[in-house]
Amino acid sequence: MKHLLSASAVGGAISLVVLFLLCFFGVHIYLYLSAKRKEPPPEPPAPEPPPEPEPVYYIVEKKRRRVKEDYSAPKRIDFK
C-alpha cells in the first residue's frame, strides 16, 4: 500500500496523461489541417429550367344514362 504514491508511480501517471494529451491534440490538429487543405469541389453550373409546357385541354363528354322504360318482374329472395 505504501508504494502507491511513490515517485515512480506518480511520474508514470503524469507521463501517461501527458502522452494521452499529446496524441489527442496531435490527431485533432492533423484532422483540422487536412480538412483545410482540401479544396471544395467546383460548383456545377445551374441547369436551365425547362420551358413551361403548353396547357392541355381535354374535351370530356358527359355520359348519359340509358333510360329503362320497362322493368322486369321482381325476383323472390329466399333467406336461409
Side-chain angles (χ1 to χ4, degrees):
M1 279 295 236
K2 68 180 189 176
H3 296 295
L4 289 177
L5 295 177
S6 66
S8 61
V10 173
I14 290 174
S15 40
L16 183 67
V17 170
V18 168
L19 181 63
F20 173 77
L21 291 175
L22 182 68
C23 292
F24 181 82
F25 287 116
V27 167
H28 281 78
I29 289 171
Y30 174 75
L31 291 176
Y32 173 75
L33 292 176
S34 66
K36 201 168 190 171
R37 274 188 218 150
K38 290 182 183 175
E39 294 181 17
E43 293 184 17
E48 294 181 14
E52 289 287 324
E54 294 183 17
V56 177
Y57 298 101
Y58 296 101
I59 299 174
V60 180
E61 185 177 332
K62 184 178 177 183
K63 289 188 176 182
R64 295 191 179 109
R65 186 172 169 217
R66 185 176 62 173
V67 180
K68 213 175 196 186
E69 294 179 7
D70 55 346
Y71 294 98
S72 61
K75 296 179 182 177
R76 181 180 173 134
I77 301 174
D78 293 326
F79 295 103
K80 294 182 181 182

Sequence-distant partners of Tyr58, side-chain contact (heavy atoms from CB on, under 4.5 Å), two or more places apart: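 Expected list: Val56, Val60.
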Side chain to side chain donor-acceptor pair (under 3.5 Å) partners for Tyr57, two or more places apart: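 With neighbours one apart ignored, the set is empty.
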Lys63: partners by side chain to side chain donor-acceptor pair (under 3.5 Å), with sequence neighbours left out: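 Counting only residues at least two positions away or on another chain, Lys63 forms no side chain to side chain donor-acceptor pair (under 3.5 Å).
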Single-linkage hydrophobic cluster Val10~Val18, side-chain heavy atoms < 4.5 angstrom: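 Yes, one cluster joins them.
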Contacts of type salt bridge (charged side-chain N to carboxylate O under 4.0 Å, His left out), residue Arg76, not counting sequence neighbours: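 Arg76: salt bridge (charged side-chain N to carboxylate O under 4.0 Å, His left out) contacts with Asp78.
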Please table the atom pairs, donor to acceptor, closer than 3.5 Å between any side-chain atom in residues 21-31 and protein atoms at least two apart or in another chain.
| from | atom 1 | to | atom 2 | distance (Å) |
| --- | --- | --- | --- | --- |
| His28 | ND1 | Phe24 | O | 2.8 |

